[in-house]
K.L.:
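Take a look at this one; I'll ask things after.
Computed over heavy atoms, backbone and side chain alike; hydrogens, waters and symmetry mates excluded. Sequence lines set the chain letters: A, B, ... in the order given, protein chains first and strands last, and positions in each chain run from 1. Note that the structure is a prediction, hence the values are computed from the model and not measured.
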Protein chains: 2
Amino acid sequence: MAAQGRASVAVDAMSGDGGLDTTLSAVRRALRSDPGLRVDLVGDVARLRALLRAAGLDEGDRVELVAADQVLPMDAGPAHALRQGRGSSMQVALERVAAGRSSSVVSAGNTGALMALSRQVLGMLPGIERPVLMAALPTAGGSVWALDLGANVGVNAHRLCEFAQLGNTAVRVLRDRSPRIGLLNIGHEPNKGPDVVREAARLIEAEAGLDFTGFVEADQVFAGEVDLVVCDGFAGNVLLKSAEGMVRLIFGQLREEMRGWRGAVVRGGLRRMYDKLDPARHNGAPLLGVHGIVIKSHGGACERGFASAIGLAALEARRNLIPELEEALWASY
Amino acid sequence: MAAQGRASVAVDAMSGDGGLDTTLSAVRRALRSDPGLRVDLVGDVARLRALLRAAGLDEGDRVELVAADQVLPMDAGPAHALRQGRGSSMQVALERVAAGRSSSVVSAGNTGALMALSRQVLGMLPGIERPVLMAALPTAGGSVWALDLGANVGVNAHRLCEFAQLGNTAVRVLRDRSPRIGLLNIGHEPNKGPDVVREAARLIEAEAGLDFTGFVEADQVFAGEVDLVVCDGFAGNVLLKSAEGMVRLIFGQLREEMRGWRGAVVRGGLRRMYDKLDPARHNGAPLLGVHGIVIKSHGGACERGFASAIGLAALEARRNLIPELEEALWASY
């Protein structure tokens with residue numbers, strides 16, 4: 001992606017299972033591929049400074065170190081984060097955005113903590129009550145976005161329609177064209193599924209400016225029939241995790257089978273496929289509904305995965321996601 | 001599986017996408033592998049008789065033709081079936097069981113129609129209101145059963161506990177040992193997920209005789225950490241279909257990749273894996289809660305798949321599934 005102007009991403013450097021090495025290599029990769037990018041590394045400045053040089057990075061115009069004394073542990077949920085988040089690398093990174101000093105945040109910390117702190121520090125967009133998490137799943141042709149994956153359960157039809165609006169704008173901004181939207185259900189016919197899903201279909205259908213294609217079943221999601229799948233956080237989690245479990249199962253068995261096969265061609269081909277298909281590697285999940293750009297990176301993301309989350313954060317900033325979302329939300333009232 | 005005594009399975013011969021050829025070959029395969037098995041072929045007797053010989057079957061002690069004038073189309077839902085099911089091959093097959101002339105039914109017809117007609121013709125087990133569908137999913141070590149996959153949506157905690165009881169007895173009967181039971185959720189911690197799922201966990205936990213291991217996430221299902229997964233019909237459908245979609249996506253891409261690879265070893269290995277892993281091929285889904293043994297076969301099942309559904313119907317009859325279920329249900333009140 002070509003850089004279009006400047007963007008500064010605050011990276012919660014202390015988050016993630018890969019440690020600082022992975023994070024710093026990812027930052028270097030992101031900076032090399034995007035000359036307009038600046039990164040604010042938020043965390044333990046002494047440790048960061050000690051590692052910076054070895055990672056091929058210099059403090060200066062493009063890399064700023066921002067001190068944060070605390071780290072939220074990976075198992076810190078929303079309640080813990082709200083009580084003890086002050087001074088943590090996650091909160092300090094979010095405060096950079098709130099203060100207008102960074103254009104977006106990337107964190108690989110606990111999802112619930114990130115949602116709670118984002119809401120507290122950045123506030124919500126007009127009419128939105130809780131943040132929603134959107135993630136990409138692999139398809140035959142590329143990928144499809146799905147939301148919610150942020151544990152919003154027991155939502156009503158109105159909120160599902162809200163998910164469709166948020167997702168529609170975000171995907172339009174990211175892909176530069178309006179997404180075909182499907183509502184996850186257990187059949188195509190209008191009488192299928194729970195009341196709340198059928199009611200949501202009526203609301204989304206009635207919404208101007210949404211390219212709603214109707215119900216979509218979980219297997220069609222991976223066939224690439226839509227660009228955006230709307231569902232509650234329970235179904236979204238099952239959709240994503242079931243696919244992840246199946247990918248792991250298949251490639252586990254392929255590795256077993258492969259012992260009998262010869263040739264690096266096969267092995268190389270399989271590795272490429274795995275990289276492309278593992279939902280866990282489609283890294284960088286936009287948190288939508290908060291008044292600022294926040295990207296959740298997978299806790300176990302590799303260097304390349306973390307770098308692409310940083311790239312996504314920069315892209316959303318350059319394409320003015322937040323003003324676009326505000327405009328769309330006001331227009332829908 | 002060794003035959004243990006006699007079993008007679010009524011086969012809804014007019015159902016399924018594969019046509020009569022597939023059905024009859026499947027019947028021959030099932031009869032050959034199980035000397036104690038008898039099959040009642042329910043459908044258009046003239047057509048069946050014309051094809052019987054070519055399929056290597058003879059009317060006689062082990063194959064009986066049972067006349068049914070009508071066929072329910074594959075898209076006939078519950079309402080259509082209840083209005084117009086009379087005289088259909090599905091209904092006549094179920095009536096054979098109600099009359100005690102067959103020990104179980106296999107049908108590849110519409111799931112909703114089969115659920116509605118089973119309930120009407122066979123009646124329900126004590127305290128059960130609606131039938132539940134259980135299906136097997138592939139795991140690293142073999143397979144795991146999951147229920148509900150029969151579109152029971154918006155169920156309360158009490159019904160989820162009922163699913164656990166029905167599934168527990170059915171899997172115990174099929175596998176000859178008590179299953180480890182997991183409740184599908186979006187996290188492990190007791191405070192995760194919707195109220196109804198957390199309440200169901202308390203009910204299942206309190207139930208004597210259930211080996212409840214707690215919450216299970218969708219990806220762990222395929223790792224074989226439990227033998228039985230309990231969920232509502234919406235989540236169950238997403239779980240199953242998401243895995244199916246991913247299997248199709250991966251093997252589609254493997255076929256592409258394979259063009260560059262040489263050797264029948266690879267191709268043969270992949271075909272074996274696909275057969276083992278495609279959830280759609282784990283054929284034979286027991287319908288539970290009705291007062292009789294009913295197995296739903298996948299509409300697109302191949303000869304081997306349909307034969308294994310017949311084998312499952314015979315096994316459940318021989319192991320006295322219905323008396324076992326009745327006993328377990330009475331004991332739980």
K.L.:
What is the minimum heavy-atom distance between A:Leu277 and B:Met246, and which atoms define it?
P.N.:
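Minimum heavy-atom contact is O-CE, 3.7 Å.
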K.L.:
If you define the side chain from C-beta out and look only at heavy atoms, does anything of A:Lys241 sit under 4.5 Å from B:Gln220?
P.N.:
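The answer is no; the side chains never approach within 4.5 Å.
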K.L.:
In terms of heavy-atom pairs under 4.5 Å, which option from B:Pro194, B:Gly233, B:Cys231, B:Gly193 contacts chain A the most?
P.N.:
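Counting heavy-atom pairs under 4.5 Å, the top option is B:Pro194.
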K.L.:
Side chain, backbone, both or neither: which part of B:Val196 has a heavy atom under 4.5 Å from chain A?
P.N.:
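Neither; nothing under 4.5 Å.
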K.L.:
Spell out the residues in residues 132-146 of chain A that have some non-hydrogen atom less than 4.5 Å away from a non-hydrogen atom of chain B, in order of number; otherwise answer 'none'.
P.N.:
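Against chain B, the residues of residues 132-146 of chain A that fall inside the cut-off (heavy atoms, under 4.5 Å) are A:Pro138, A:Thr139, A:Ala140.
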K.L.:
With only heavy atoms counted, which part of B:Glu217 is less than 4.5 Å from chain A, the side chain, the backbone, both or neither?
P.N.:
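Interface part for B:Glu217: side chain.
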K.L.:
If you count heavy-atom pairs within less than 4.5 Å of chain B, which of A:Val197, A:Leu184, A:Asn191, A:Asp232 leads?
P.N.:
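Heavy-atom pairs under 4.5 Å are most numerous for A:Leu184.
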K.L.:
Give a yes or no on this: more than 12 heavy atoms of other residues, nucleotides or ligands lie within 6.0 Å of atom CD of A:Glu189.
P.N.:
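Result for CD/A:Glu189: enclosed.
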K.L.:
Chain B: which of A:Ile250, A:Val153, A:Leu239 shares the most heavy-atom pairs with it under 4.5 Å?
P.N.:
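Between A:Ile250, A:Val153, A:Leu239, the count favours A:Ile250.
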K.L.:
Can you say whether B:Val221 sits under 4.5 Å from chain A via the side chain, the backbone, both, or neither, judging by heavy atoms?
P.N.:
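Neither the backbone nor the side chain of B:Val221 comes within 4.5 Å of chain A.
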K.L.:
For residues 232-256 of chain B, which residue pairs qualify under ring-ring contact (aromatic ring centres under 6.0 Å, His included), counting only residues two or more places apart or in two chains?
P.N.:
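For residues 232-256 of chain B, and leaving out neighbouring residues, the ring-ring contact (aromatic ring centres under 6.0 Å, His included) pairs sorted by first residue read B:Phe251-B:Tyr274.
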K.L.:
Identify which part of B:Asp195 has an atom lying under 4.5 Å from any heavy atom of chain A, answering side chain, backbone, both or neither.
P.N.:
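For B:Asp195, neither part sits under 4.5 Å from chain A.
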K.L.:
With a 4.5 angstrom heavy-atom cut-off, which part of B:Ala223 approaches chain A: side chain, backbone, both or neither?
P.N.:
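The answer is neither part of B:Ala223.
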K.L.:
I need the minimum non-hydrogen distance between A:Ser242 and B:Ala218, along with the two atoms involved.
P.N.:
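Minimum heavy-atom contact is N-CB, 3.5 Å.
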K.L.:
Distance check, rounded to the nearest 0.5 Å: A:Asp219 atom CG versus B:Leu240 atom CG?
P.N.:
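If we round to the nearest 0.5 Å, A:Asp219:CG and B:Leu240:CG are 8.5 Å apart.
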K.L.:
Stepwise, does the side-chain contact (heavy atoms from CB on, under 4.5 Å) test hold for B:Asn185 with A:Asn237?
P.N.:
CA-CA 9 Å; B:Asn185 202 352; A:Asn237 186 283; over 6 Å; no
